[in-house]
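The following block contains the structure, expressed as structure tokens.
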Amino acid sequence: MLQLQVLRDQTQKVIAGLTKRNFREAESIVNEVLLVDTDRRATQGLLDDIRAKSNADSKKIGELMKAGKSEEATTLRNAVAADKENIKINENRLADLEAQLQQLLYRIPNVPAEQVPPGKTPDDNITTYEWGKVPTLAADAQPHWELIKKYDIIDFELGVKISGAGFPVYKGKGARLQRALINFFLDEALALGYTEIQPPIVVNEASGYGTGQLPDKEGQMYFATEDKLYLIPTAEVPITNLYRDVVLGDDDLPVKNVGYTPCFRREAGSWGAHVRGLNRLHQFDKVEIVRIARPEESYDVLEEMCTHVQGLLEKLELPYRRLLLCGGDMGFNSAMTFDMEVFSAAQQRWLEVSSVSNFETFQANRLKLRHKGKDGKVQLLHTLNGSALALPRIVAAIIENNQSKDGIVIPKVLRSYTGFDLIS
RNA sequence: GGAGAGAUGCCAGAGCGGUCGAAUGGGCCGGUCUCGAAAACCGGUGUGCGGGCAACUGUACCGAGGGUUCGAAUCCCUCUCUCUCCGCCA
């Protein structure tokens, strides 16, 4: 959620930024916000004045009663009663305007950072870095959904039986590969000074609002109606919400958290040819890094996070490219996002395995996550997060790129974690 | 699931329906003292919104939401959460 103050002070800049991400209603909705806000402030001014008068009169009534001047007190009492009506009317009006404002603000996406290129589709994303050589596979190379059957390591049919489509069962070396990757990712983050968090994997409604899944995206989350709890779509939600309504001091910064959780996504209506096998699931595993930083440092932090993620891919010997997302391809909350994509030789396509974003104050404003310095000044912090990494597509890429006539070769860094070199 | 107790500022903990944004203690920050520190003493120490260049000022907030009253942290109702005991249990 954008800050009203920013909307007021930098109206044109905001509109220009929103236009960069093809948010068509930008101008009209921002103007509506400004209009409602003006009304809101006028109403509050009026309300405060009436309240001030009413408070003063009430106090006076007390004094008059004490002094025994009950007639004067009664007169004043009637005056206050009239004010009370007026207060009620304006309170309702104010609440109404605030709700309107809130709804409008919820609809406005974040303003892209300066460096974000304009554009509408993924074709407009800019490749800022590429690493590794795409392996040349044998002519009979197979996609992972064939290989997992061949080696019997991931079973979709079994998943369908006990849960449904998109809930695979990992078996034997498949399960061990999963566990190895999770541990590897966590250890790599810990080595960089991250604190490991094991959060709940269901969250309440307030948390959904805090990180921006609610309102509007409730259709993407599984919901336990009896207890009004949402299954998390990413660890970002619980880990970032740890800091909801929190004022951090200098000693609390920087915040560097890492957490492994399963993630649940309904992915309503997004099934098709491109989402075969592990490419898109209802439940998958992910190690997420979450950072909270001072505004002036957040872009350095973003770079640091990207470097970390790229390091993971390099250690896994997976060829990848780094994309700076264009305005039109960025998520609603993000000010700047880098995607890491791994090339799958067998599918002959790039697979997104990580998305690293700086939300600037967009989430912090909703969360009321602030920093209070030694000078006593309170300001919103910046939040960032990134996958480091999401498992299924990494697994898909490893299986496909490392296939050989002997079996699937486990990347060297993982071998101490898996306990085996080969899936055969 | 059953019974009871409670929810107040960074923490602990007071608070006859008006003088309570809130005693007191601790913590923290600043100062005096000191070569330095401790102790002691003095002062300061919430957030949102509105107005103001600012000093400052109006208003709201004592778990959340309603209600009674001229006036509510204080009375009433509902909800949420926490704690204790019992039951169940990984």
Side-chain angles (χ1 to χ4, degrees), chain A residues 1-9 33-106 198-210 214 224-230 238 241-253 255 361-381:
Chain A
M1 192 168 73
L2 293 175
Q3 298 168 80
L4 251 183
Q5 193 66 44
V6 173
L7 238 31
R8 282 204 290 253
D9 297 347
V33 164
L34 261 24
L35 215 64
V36 175
D37 181 48
T38 305
D39 205 356
R40 178 191 129 258
R41 284 189 284 167
T43 304
Q44 165 140 20
L46 183 62
L47 177 60
D48 283 355
D49 286 347
I50 306 170
R51 273 174 170 161
K53 179 174 174 290
S54 171
N55 284 345
D57 285 348
S58 290
K59 197 174 277 183
K60 208 179 287 172
I61 289 172
E63 285 161 13
L64 288 171
M65 299 281 277
K66 224 171 249 176
K69 300 175 182 170
S70 60
E71 264 175 55
E72 287 175 54
T74 308
T75 316
L76 211 46
R77 229 179 245 191
N78 293 334
V80 173
D83 284 337
K84 205 182 156 189
E85 284 295 304
N86 218 346
I87 288 173
K88 200 79 188 164
I89 291 166
N90 282 289
E91 273 178 351
N92 288 337
R93 184 167 161 72
L94 185 64
D96 208 59
L97 290 166
E98 280 174 347
Q100 265 184 55
L101 205 51
Q102 188 66 235
Q103 288 310 312
L104 287 170
L105 289 173
Y106 276 147
Q198 276 194 21
I201 57 174
V202 292
V203 294
N204 57 25
E205 189 181 55
S207 294
Y209 276 96
L214 298 175
T225 53
E226 190 68 21
D227 298 294
K228 295 194 171 64
L229 293 171
Y230 295 86
N241 270 285
L242 257 25
Y243 301 89
R244 172 153 46 81
D245 287 317
V246 166
V247 180
L248 296 174
D250 288 328
D251 298 342
D252 303 314
L253 292 170
V255 171
T361 59
F362 196 80
Q363 280 185 330
N365 190 33
R366 275 197 187 190
L367 292 161
K368 296 204 201 73
L369 164 56
R370 290 160 295 176
H371 167 255
K372 186 173 192 171
K374 283 248 160 27
D375 56 1
K377 267 195 174 171
V378 177
Q379 65 170 165
L380 290 173
L381 285 160

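Here is the naming used below: chain letters follow the sequence lines, and residue numbers restart at 1 for every chain. Everything numeric in this text was worked out from a predicted model, so none of it was measured.
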- Item | Upstream residue (5' side of RNA chain B) when A:Glu98 and A:Asp48 are each assigned their closest nucleotide |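 Taking each residue's closest nucleotide, the earlier one in sequence belongs to A:Glu98.
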- Residues forming a side chain to side chain donor-acceptor pair (under 3.5 Å) with A:Asn86, sequence neighbours excluded: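 Once residues adjacent in sequence are excluded, the partners of A:Asn86 under the side chain to side chain donor-acceptor pair (under 3.5 Å) criterion are A:Asn90.
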- Taking atom C1' of B:C49 as reference, at what distance in whole Å does atom CG of A:Leu46 sit?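 To the nearest whole Å, that distance equals 15 Å.
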- A:Gln379 atom CD, neighbour heavy-atom count above 12 within 6.0 Å: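 Count over threshold, so yes.
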- Spacing of the P atoms in B:U24 and B:C35 (rounded, Å):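 Looking at atom P only, B:C35 and B:U24 are 34 Å apart.
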- Give a yes/no on whether any side-chain N or O of A:Arg370 is located under 4.0 angstrom from OP1 or OP2 of B:G48.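 For A:Arg370, the contact criterion (side-chain N or O under 4.0 Å from OP1 or OP2 of B:G48) is met.
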- Task: May I ask you to evaluate whether A:Arg8 reaches the phosphate of B:C49, defined as a side-chain N or O under 4.0 Å from OP1 or OP2?
- Result: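 Answer is no, no contact under 4.0 Å.
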- With the sugar-phosphate defined as primed atoms, P, OP1 and OP2, and the base as all remaining atoms, what B/S/- string results for nucleotides 62-70 of chain B, 5' to 3', for protein heavy atoms under 4.0 Å? -----S--B
- Query: side chain to side chain contact (heavy atoms under 4.5 Å, CB included) with A:Ile201: which residues, sequence neighbours excluded?
  - Reply: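 With sequence neighbours excluded, A:Ile201 shows a side chain to side chain contact (heavy atoms under 4.5 Å, CB included) to A:Ile232, A:Thr261, A:Pro262, A:Phe264, given in chain and number order.
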- Figure out the CG/P separation between A:Asp49 and B:U57, and round it to whole Å.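 So the CG-P distance, A:Asp49 to B:U57, works out to 16 Å.
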- Query: Can you tell me how far C1' of B:C49 sits from CG of A:Leu101, to the nearest Å?
  - Reply: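 In whole Å, B:C49 C1' lies 12 Å from A:Leu101 CG.
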- Tell me, please, which residues at least two apart from A:Ala81 pass side chain to side chain contact (heavy atoms under 4.5 Å, CB included).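 Once residues adjacent in sequence are excluded, A:Ala81 has no partner under the side chain to side chain contact (heavy atoms under 4.5 Å, CB included) criterion.
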- Message: At less than 4.0 Å, is any side-chain N or O atom of A:Asn55 found next to OP1 or OP2 of B:G71? Yes or no.
- Response: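 Negative; the distance criterion is not met.
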- Message: Test of understanding: with salt bridge (Lys or Arg N to Asp or Glu O under 4.0 Å), list the residues that count as partners of A:Asp245, not counting sequence neighbours.
- Response: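 Salt bridge (Lys or Arg N to Asp or Glu O under 4.0 Å) check on A:Asp245 returns A:Lys368.
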- Query: Rounded to whole angstroms, how far apart are CZ on A:Arg93 and C1' on B:G50?
  - Reply: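 A:Arg93 atom CZ is separated from B:G50 atom C1' by 15 Å.
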- Message: Just the rounded figure in Å: distance from P of B:G48 to CD of A:Gln44.
- Response: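 Checked: the CD to P distance equals 14 Å.
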- Query: Tell me: CD of A:Gln102 to P of B:C49, nearest whole Å?
  - Reply: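 About 12 Å, once rounded to whole Å.
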- Task: Find out whether A:Leu94 and A:Arg40 are in side-chain contact, i.e. whether some heavy atom of one side chain is under 4.5 Å from a heavy atom of the other.
- Result: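 The answer is yes, as the side chains (C-beta and beyond) meet within the 4.5 Å cut-off.
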- For B:G9 and B:G4, measure between their P atoms and round to the nearest Å.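 Between the two P atoms, the distance is 27 Å.
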- B:A14 and B:A7, which share atom name P, separated by this distance in whole Å: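 To the nearest whole Å, 9 Å.
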- Query: When all nucleic acid strands are considered with a 4.0 Å heavy-atom cut-off, which category describes A:Val247: base, sugar-phosphate, or nothing?
  - Reply: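 The answer is nothing, as A:Val247 stays clear of every strand by at least 4.0 Å.
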- Query: Taking only residues two or more places apart in sequence or in another chain, which ones pass side chain to side chain contact (heavy atoms under 4.5 Å, CB included) with A:Lys59?
  - Reply: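 For A:Lys59 the side chain to side chain contact (heavy atoms under 4.5 Å, CB included) partners, ignoring immediate neighbours, are A:Glu63.
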- Item | Pairing residues for A:Asp49 by the salt bridge (Lys or Arg N to Asp or Glu O under 4.0 Å) criterion, not counting sequence neighbours |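 With sequence neighbours excluded, A:Asp49 shows a salt bridge (Lys or Arg N to Asp or Glu O under 4.0 Å) to no residue whatsoever.
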- Sub-4.5 Å side-chain heavy-atom contact between A:Leu242 and A:Pro199: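 Answer no - side chains too far apart.
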- Task: Name all residues meeting the salt bridge (Lys or Arg N to Asp or Glu O under 4.0 Å) criterion together with A:Lys53; count only those two or more places apart in sequence or in a different chain, and write none if there are none.
- Result: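 Residues passing salt bridge (Lys or Arg N to Asp or Glu O under 4.0 Å) with A:Lys53: A:Asp57, A:Asp83.
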- Nearest-nucleotide pick for A:Lys372, side chain only, options being B:A60, B:G58, B:G46: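 Of B:A60, B:G58, B:G46, B:G46 is nearest to the side chain of A:Lys372.
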- Expressed in angstrom and rounded to an integer, what is the separation of A:Ile87 atom CD1 from B:G71 atom P?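 Value for this atom pair: 8 Å.
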- Identified stems (criterion: three or more consecutive Watson-Crick or G-U pairs, under 3.5 Å), RNA chain B: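 B:1-7 with B:80-86, B:10-12 with B:24-26, B:27-32 with B:40-45, B:46-51 with B:56-61, B:63-67 with B:75-79 - these are the stems of 3 or more pairs that involve RNA chain B.
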- Message: Can you check the distance between B:A38 and B:U34, where both ends of the measurement are the P atom (answer in whole Å)?
- Response: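 Each nucleotide's P atom is 15 Å from the other's.
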- Task: Could you work out the separation of B:U84 and B:C10 based on their C1' atoms and round it to a whole Å?
- Result: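 Roughly 27 Å separates the two C1' atoms.
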- Item | Nearest-Å distance for atom pair CG/P, residues A:Asn90 and B:A60 |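 Going from CG in A:Asn90 over to P in B:A60 covers 14 Å.
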- Message: Can you check the distance between B:U68 and B:A3, where both ends of the measurement are the P atom (answer in whole Å)?
- Response: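 About 31 Å, rounded to a whole number of Å.
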- Query: Between A:Arg41 and A:Gln44, does a side chain to side chain donor-acceptor pair (under 3.5 Å) hold up when you go through it step by step?
  - Reply: CA-CA 5 Å; A:Arg41 284 189 284 167; A:Gln44 165 140 20; over 6 Å; no
- Task: Can you sort out which residues in residues 33-42 of chain A have a heavy atom within less than 4.0 Å of RNA chain B? Ascending by number, please.
- Result: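 Close to the strand are A:Arg40, A:Arg41.
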- Item | Distance between C1' atoms of B:C20 and B:G15 (Å, rounded) |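 Going atom to atom, C1' in each nucleotide, I get 9 Å.
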Report, one line per pair, each donor and acceptor closer than 3.5 Å where one atom sits in a side chain of residues 95-106 of chain A; sequence neighbours left out.
unit_1: A:Gln102; atom_1: OE1; unit_2: A:Tyr106; atom_2: OH; d: 3.4

- Can you list the residues that meet the salt bridge (Lys or Arg N to Asp or Glu O under 4.0 Å) rule with A:Glu91, with sequence neighbours excluded?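 Per chain and number, A:Glu91 pairs via salt bridge (Lys or Arg N to Asp or Glu O under 4.0 Å) with A:Arg51.
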- Considering only atom P, compute the distance from B:G65 to B:U74 and round it to an integer number of Å.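 Taking atom P in both B:G65 and B:U74, they lie 13 Å apart.
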- Listed nucleotide nearest any side-chain atom of A:Val378, set B:U59, B:C49, B:G48: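 The closest nucleotide is B:G48.
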